[in-house]
Amino acid sequence: MVPKHFNKLSPDSSERIAMLMEEAGEVIQICGKILRHGLDSFHPATRERNDVLLQKEITDFVAVARACIGTEIKNFPDGAEIAKAWQKKLNYTHHQEHHDN
C-alpha cells in the first residue's frame, strides 16, 4: 500500500502537476528569450525560430493541462470563459487593442 502524502495527491496526480509546472517553466523560458532576442531569432543548435518554439511550448502546456481535466482541473474553460478572462486582462494593459463585444 502506498502511504498517503500530506498533500493527499495520488502519484499520478502529483506527476501531472509536476509536468504542468515543467511546461509552464518552458513557456516562461522561451518568452524570456523572445523578449531578449525577438520572435525571428533562433536557437543556434537547432535553428528553430523563437516563434516556432513558443508555439511548441504552448502546445505542450495545453496538452498537459487537458490531461488534468476531470482530476486536477474540474472543467476546462470554454471559449466564452477564455474570452471573458481576456477582456478582464485588457483592463490592465497598455498596448493591446480594446474591443467591445
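Taken to the nearest 0.5 Å, the CD1 atom of I73 stands 10.0 Å off from the CG atom of N75.
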Could you tabulate the donor-acceptor pairs under 3.5 Å formed by side-chain atoms of residues 54-64, not counting sequence neighbours?
from: K56; atom 1: NZ; to: E48; atom 2: OE2; distance (Å): 2.2
from: T59; atom 1: OG1; to: Q55; atom 2: O; distance (Å): 2.8

Would you give me the side-chain donor-acceptor pairs under 3.5 Å for residues 21-45, sequence neighbours excluded?
from: D40; atom 1: OD1; to: R49; atom 2: NH2; distance (Å): 3.1
from: H43; atom 1: ND1; to: A45; atom 2: N; distance (Å): 3.1
from: H43; atom 1: ND1; to: T46; atom 2: N; distance (Å): 3.4

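S10 is linked by a side chain to side chain donor-acceptor pair (under 3.5 Å) to D12, counting only residues two or more places apart in sequence or in another chain. Residues satisfying the side-chain contact (heavy atoms from CB on, under 4.5 Å) test with I17, not counting sequence neighbours, are E72. Shown here are the side chain to side chain donor-acceptor pair (under 3.5 Å) partners of K84, two or more places apart in sequence or in another chain: there are none. Applying the side chain to side chain donor-acceptor pair (under 3.5 Å) test to N7 and every residue at least two apart in sequence or in another chain returns H5.
Looking at L9 and S14, their side chains come closer than 4.5 Å, going by heavy atoms from C-beta outward.
At least one donor-acceptor pair under 3.5 Å links the side chain of T93 to the backbone N or O of L90.
Summarising the geometry of A67 relative to R16, their closest heavy-atom pair is O-CD, 3.5 Å, with the distance given to 0.1 Å.
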